[in-house]
Amino acid sequence: YVFLRCSSLAVCYRDADRRKTHKEKTLLSEKMKRILTILTLLTLALTASAQVDRHDVRAGNRKFNKEEYKQAEIDYRKAVVKDSLSVAGEYNLASALYRQEDFDGAGKALDAIKDLAPVSEYAGDYYFNQGNIALQKEDYASAVESFKQSLLLNPGDLDAKENYIY
């Protein structure tokens, strides 16, 4: 009789442990759900901010194509404010400023992405535009070096060849 009694107590203790483990699993599951929810919301927020940046760049591109450079500049500046690492925003801002003959401003916009643009797929265009800005500022040594870099990255660029020879 004593043996059975101890045995039943042991079963009760094991059941209590199982219930405790189940509760712990439930708490862990709830914590995981909260963490996943937070991560999902952060991802959505970052994606939404990137979408807003692209929206402003596209709006600026439409105005740039209509030769409304001042309005395009405003849209590109909005994109840069929303995403300070926006290569497209800064690059296009530099183009809009160049078209308005604000060569110092265009140079500053390109300088803002000098670490990112040369390793992007548009590195040749970056150096080409940098060369054009240097040429307008009559900094011929920098212009030659920029056009040289542009040609190394894009040897078929006839405009860069022409400017390099010039």
key: Audit row: Asn61, Tyr76, side-chain contact (heavy atoms from CB on, under 4.5 Å) steps and yes/no   = CA-CA 9 Å; Asn61 289 346; Tyr76 296 140; 2.6 Å; yes

I'd like to know whether Leu97 forms a side-chain contact (heavy atoms from CB on, under 4.5 Å) with Tyr69, so could you lay out the CA-CA distance, the side-chain angles of the two residues, the decisive distance to 0.1 Å, and finally the verdict.
CA-CA 7 Å; Leu97 292 170; Tyr69 302 121; over 6 Å; no

Rounded to the nearest 0.5 angstrom, the CZ-CG distance for Phe103 and Asn132 is 9.5 Å

Looking only at heavy atoms, the pair that brings Gly107 and Ile133 closest together is N-CD1, 3.8 Å

Taken to the nearest 0.5 Å, the spacing of Gln71 CD from Arg62 CZ works out to 13.5 Å

For Gly124 and Ser150, the nearest pair of non-hydrogen atoms, with its separation, is O-OG, 3.0 Å

By salt bridge (charged side-chain N to carboxylate O under 4.0 Å, His left out), Glu73 pairs with (sequence neighbours left out) Lys70, Arg77

Between Ala134 and Ala143, the two heavy atoms sitting closest are CB-N, 3.6 Å

The test is side-chain contact (heavy atoms from CB on, under 4.5 Å); show your working for Asn129 and Tyr98 and say whether it passes. CA-CA 9 Å; Asn129 287 350; Tyr98 182 86; over 6 Å; no

In this structure, CD of Gln136 is separated from CD of Glu101 (nearest 0.5 Å) by 7.5 Å

Checklist line | Hydrophobic cluster membership, Leu110 vs Leu116, 4.5 Å side-chain cutoff | finding: yes

For Ser142 and Asp139, does a side-chain donor sit closer than 3.5 Å to a side-chain acceptor? yes

Rounded to the nearest 0.5 Å, the CG atom of Asp111 sits from the NZ atom of Lys108 at a distance of 9.5 Å

Smallest heavy-atom separation, Ala123 atom then Leu153 atom, equals CB-CD1, 3.5 Å

Notebook entry, point to check: Do Gln100 side-chain atoms and Ala96 backbone N/O form a donor-acceptor pair below 3.5 Å?
Noted result: yes

Solution key, residues 155-162 side-chain donor-acceptor pairs under 3.5 Å, sequence neighbours excluded:
residue, atom, partner, partner atom, Å
Asp157, OD1, Asp159, N, 3.1
Asp157, OD1, Ala160, N, 3.3
Lys161, NZ, Pro155, O, 3.2

Check: Between Asn154 and Tyr127, does any side-chain donor sit less than 3.5 Å from a side-chain acceptor?
Finding: no

Heavy atoms of Ser86 and Gly89 approach each other most closely as OG-N, 2.9 Å

Answer with yes or no whether the hydrophobic clustering places Tyr122 together with Phe64; edges join I, L, V, M, F, W, Y residues whose side-chain heavy atoms lie under 4.5 Å apart. no

Smallest heavy-atom separation, Glu90 atom then Val80 atom, equals OE2-CG1, 3.1 Å

Between the CG atom in Leu135 and the NZ atom in Lys137, the distance rounded to the nearest 0.5 Å is 12.0 Å

